[in-house]
Enquirer: 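I'd like to ask some things about the structure below.
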2 protein chains.
Amino acid sequence: MPATSPYTERNMEKEITIYDLAKILALSPATVSRALNDHPAINVKTKALIAEKAAELGYRSNTFASHLRTRKTNTLGVIVPRLNSNFMSTVLAGMEEVANNFGYNLLISQSLESESKEQANAKTMFNSRVDGLLVSVAYDTESIDHFAAFISRNIPVLFFDRVMEHPQCGSVVIDNEQAGYDAARHLLDEGCRRIMHVTGDLRRNVYADRMDGFKRALSEAGIEADSASILSTDLSQDAGKSIADHIDQMPAKPDGLFIANDLCAVTCMQALQEKSYTIPGDIAIVGFNNDPVSQVITPQLTTIFYPGYQMGKTAIMAILAQLNGTKPLIQDPIILRSALIIRRSSKRLGDS
Amino acid sequence: MPATSPYTERNMEKEITIYDLAKILALSPATVSRALNDHPAINVKTKALIAEKAAELGYRSNTFASHLRTRKTNTLGVIVPRLNSNFMSTVLAGMEEVANNFGYNLLISQSLESESKEQANAKTMFNSRVDGLLVSVAYDTESIDHFAAFISRNIPVLFFDRVMEHPQCGSVVIDNEQAGYDAARHLLDEGCRRIMHVTGDLRRNVYADRMDGFKRALSEAGIEADSASILSTDLSQDAGKSIADHIDQMPAKPDGLFIANDLCAVTCMQALQEKSYTIPGDIAIVGFNNDPVSQVITPQLTTIFYPGYQMGKTAIMAILAQLNGTKPLIQDPIILRSALIIRRSSKRLGDS
DNA sequence: ATGAAAGCGCTAACAT
DNA sequence: ATGTTAGCGCTTTCAT
């Protein structure tokens with residue numbers, strides 16, 4: 001075999017094109033193209049003929065030629081902080097299901113909680129010409145300038161869960177303020193009076209809002225949420241241990257603990273138990289996310305149910321609606337229902 | 001200016017092409033293209049000039065035109081049974097990291113454990129012209145004909161975790177047989193004599209191999225692994241409960257239990273505890289995967305560490321090596337190390 | 001070191 | 001209902 005150009009070396013089987021099909025069937029490429037796209041003006045019998053031949057010869061549409069013409073990619077970009085959390089992978093599963101049903105592909109990348117990686121991801125997405133972009137921002141993201149290129153080109157950008165405010169961007173969230181309120185209120189109802197809240201980076205809406213709800217519940221109960229009762233951490237498992245140490249050193253220990261993440265809460269709970277604190281007797285605990293671990297720990301962890309799958313599905317539907325012009329722009333955030341799930345880790349009063 | 005659509009007036013930033021760049025700089029498109037691709041024959045100063053202007057005008061390469069010419073997409077397809085398991089999302093996180101470093105994108109889809117969905121996914125991947133395909137097959141996949149199109153076109157297909165045998169396809173796995181052996185052997189060492197194994201669909205290598213290892217350990221110990229001691233389920237959480245019911249009804253109950261999935265094992269364990277069995281006293285339990293829940297359950301669950309992140313990274317490296325011709329074809333499966341992690345759920349003998 | 005020109009495969013006016 | 005034709009923006013011979 002003679003030396004060939006770099007591209008012919010790898011795939012030896014020739015690709016069938018609409019020209020091949022056209023020639024074989026003595027039709028024009030245009031007719032073939034229309035038939036393959038189910039254009040109404042094409043005779044049903046012709047369509048059938050073409051479809052059959054295409055299948056027989058293993059024709060496959062060249063999406064790049066198509067995209068080059070149509071300027072549509074049928075691909076949505078997704079940027080998430082991490083892929084490997086139970087919540088996020090559930091969101092992605094929901095997204096994938098809907099996107100797939102509507103003929104869209106997902107280009108997924110993770111920022112690893114870093115704004116600079118997020119910027120790089122955004123750039124890649126932009127160059128990949130995604131039709132729309134779904135983002136849950138990183139821990140330390142300050143600005144959203146890296147999405148400006150999308151916005152100025154009218155490529156829809158939709159934030160979910162960890163959202164940023166922008167007049168041109170939709171968002172899908174849960175009511176974190178209410179969830180935080182519910183959690184704190186529940187602890188109050190169980191008789192807790194010195195309640196501590198462990199939260200994440202307060203630049204993120206999810207944590208700031210939960211804290212606001214927490215404070216509102218306390219203030220309604222006439223309790224001052226002083227700064228000592230709020231601890232901002234990275235909500236990692238390590239943080240869970242540190243929190244237990246911290247509590248152990250406090251002169252006036254809390255009798256209630258609201259931690260904005262189940263994994264962190266569970267680690268903290270175990271560390272406290274090792275130090276011989278009883279849960280919920282000494283300290284009642286509420287987590288967040290309804291992660292599988294929350295049902296496995298003893299005692300089972302009271303937590304907030306977080307509709308990840310539905311959030312993923314909703315986000316895709318919303319951005320597709322925007323793409324198809326079904327809805328001009330979803331101004332207001334779409335708010336999904338979350339719910340307090342009461343389990344043993346917080347039940348201090350009778351009734352069990 | 002000719003009549004245009006109402007939208008062109010405002011806000012539609014025109015896409016800059018290499019032709020625009022060429023015209024502005026009084027160069028040819030060819031030079032611009034070469035400069036942008038860092039071709040050695042181009043003057044350094046020219047390159048700098050072009051790069052600067054490109055940045056200034058917000059030029060972005062049209063990957064479709066590029067792909068149309070080069071027949072490379074820099075995209076790898078990934079088909080997994082489900083996105084939302086701790087193991088799989090960890091694998092994907094590893095894949096994404098490496099792929100990203102090498103300038104590749106990931107097109108991810110889930111088969112939802114169904115062969116027909118897997119076939120549809122494969123078709124989409126094929127039409128998307130992925131440069132390579134990574135697959136962990138569905139629960140019920142019988143044939144791999146749906147990957148034939150890739151193989152015949154020399155598009156690398158690499159299986160990971162749940163693999164199929166094919167002379168042209170590489171694979172990345174752990175030594176499931178050895179892991180199964182280790183698990184059973186450990187239970188034997190702890191004094192168990194009536195050991196039961198709960199497994200998944202035996203068409204899948206991961207389950208068949210673990211079972212083989214299990215049987216080998218038992219037979220070495222002179223114990224017959226009769227059919228009654230092996231239970232094939234879907235390894236779901238519901239299955240975990242059913243298993244507990246089943247055991248509760250057995251006349252001669254097992255004193256050791258090896259369940260090929262942590263989530264299932266944990267649910268089963270909780271159900272057994274509810275029935276007042278003590279773990280490990282009455283029944284010692286070993287799971288599989290080292291899922292976060294395994295460290296949270298009381299007593300903590302002995303399990304097999306499964307290097308998900310590394311598996312993801314390794315799989316991408318292997319397929320890229322094949323793509324770049326660095327390695328012609330990885331005939332033998334790449335086997336990653338797994339490890340038994342002994343925790344309290346299986347410690348029946350002293351030493352603690 | 002740079003340029004001219006020919007496509008890659010498809011779609012969509014604009015014909016007929 | 002079908003055909004003609006002109007690009008979409010890029011890369012890469014082959015020339016200079």
Enquirer: Using whole Å, report how far NZ of B:K72 lies from C1' of D:dT12.
Expert: 17 Å

Enquirer: Just to verify, what does B:D38 make a salt bridge (charged side-chain N to carboxylate O under 4.0 Å, His left out) with, not counting sequence neighbours?
Expert: B:K47

Enquirer: Considering residues at least two apart in sequence or located in another chain, which fulfil the ring-ring contact (aromatic ring centres under 6.0 Å, His included) criterion with A:H67?
Expert: B:F64

Enquirer: Do any side-chain nitrogens or oxygens of B:S33 fall under 4.0 Å of OP1 or OP2 in D:dT11?
Expert: yes

Enquirer: Output the rounded distance in Å from NE2 (B:H67) to C1' (D:dC8).
Expert: 15 Å

Enquirer: How sharply is the helix from C:dA1-D:dT16 to C:dT16-D:dA1 bent, taking the axes over five pairs at either end and rounding to 10 degrees?
Expert: 30°

Enquirer: Rounding to an integer number of Å, can you tell me how far B:E15 CD sits from D:dC8 P?
Expert: 13 Å

Enquirer: Please list, by residue number, the residues of residues 120-127 of chain B whose heavy atoms come closer than 4.0 Å to an atom of DNA chain D; answer none if no residue qualifies.
Expert: none

Enquirer: Could you work out, with ring-ring contact (aromatic ring centres under 6.0 Å, His included) as the rule, every residue matching A:F147, not counting sequence neighbours?
Expert: A:F159

Enquirer: Is A:M164 atom CE crowded by more than 12 heavy atoms from other residues, nucleotides or ligands, each under 6.0 Å away?
Expert: yes

Enquirer: Nearest-Å distance, CG (A:D38) to C1' (D:dA1)?
Expert: 15 Å

Enquirer: Could you work out, with salt bridge (charged side-chain N to carboxylate O under 4.0 Å, His left out) as the rule, every residue matching B:R60, not counting sequence neighbours?
Expert: B:E15

Enquirer: What pairs of residues pass the ring pair (Phe, Tyr, Trp, His ring centres under 6.0 Å) test when at least one of them lies in residues 111-145 of chain B, not counting sequence neighbours?
Expert: B:F126-B:F150

Enquirer: Might you work through the side-chain hydrogen bond (donor to acceptor under 3.5 Å, both in side chains) test for A:S28 and A:T31, ending with a clear yes or no?
Expert: CA-CA 5 Å; A:S28 77; A:T31 303; 3.1 Å; yes

Enquirer: To the nearest angstrom, how far is A:I18 atom CD1 from D:dT2 atom C1'?
Expert: 14 Å

Enquirer: Apply side chain to side chain donor-acceptor pair (under 3.5 Å) to A:T90 and list each qualifying residue two or more places apart in sequence or on a separate chain.
Expert: none

Enquirer: Which nucleotides of nucleotides 1-8 of chain C have their base under 4.0 Å from a protein heavy atom (B), which only their sugar-phosphate (S), and which neither (-), written as one string 5' to 3'?
Expert: BBBB-BBB

Enquirer: Write down the distance between CD1 (A:I50) and P (D:dT2), rounded to a whole number of angstrom.
Expert: 8 Å

Enquirer: Mind calculating the distance between CG (A:N37) and C1' (C:dC10) to the nearest angstrom?
Expert: 9 Å

Enquirer: Considering residues at least two apart in sequence or located in another chain, which fulfil the side chain to side chain contact (heavy atoms under 4.5 Å, CB included) criterion with A:T75?
Expert: A:T73, A:N105, A:L107, A:V130

Enquirer: Could you tell me how far apart A:F64 (CZ) and C:dC10 (P) are, to the nearest whole angstrom?
Expert: 12 Å

Enquirer: Under the salt bridge (charged side-chain N to carboxylate O under 4.0 Å, His left out) test, which residues partner B:K53, sequence neighbours left out?
Expert: B:E56

Enquirer: For A:R162, check salt bridge (charged side-chain N to carboxylate O under 4.0 Å, His left out) against everything at least two apart and list the hits.
Expert: A:E113

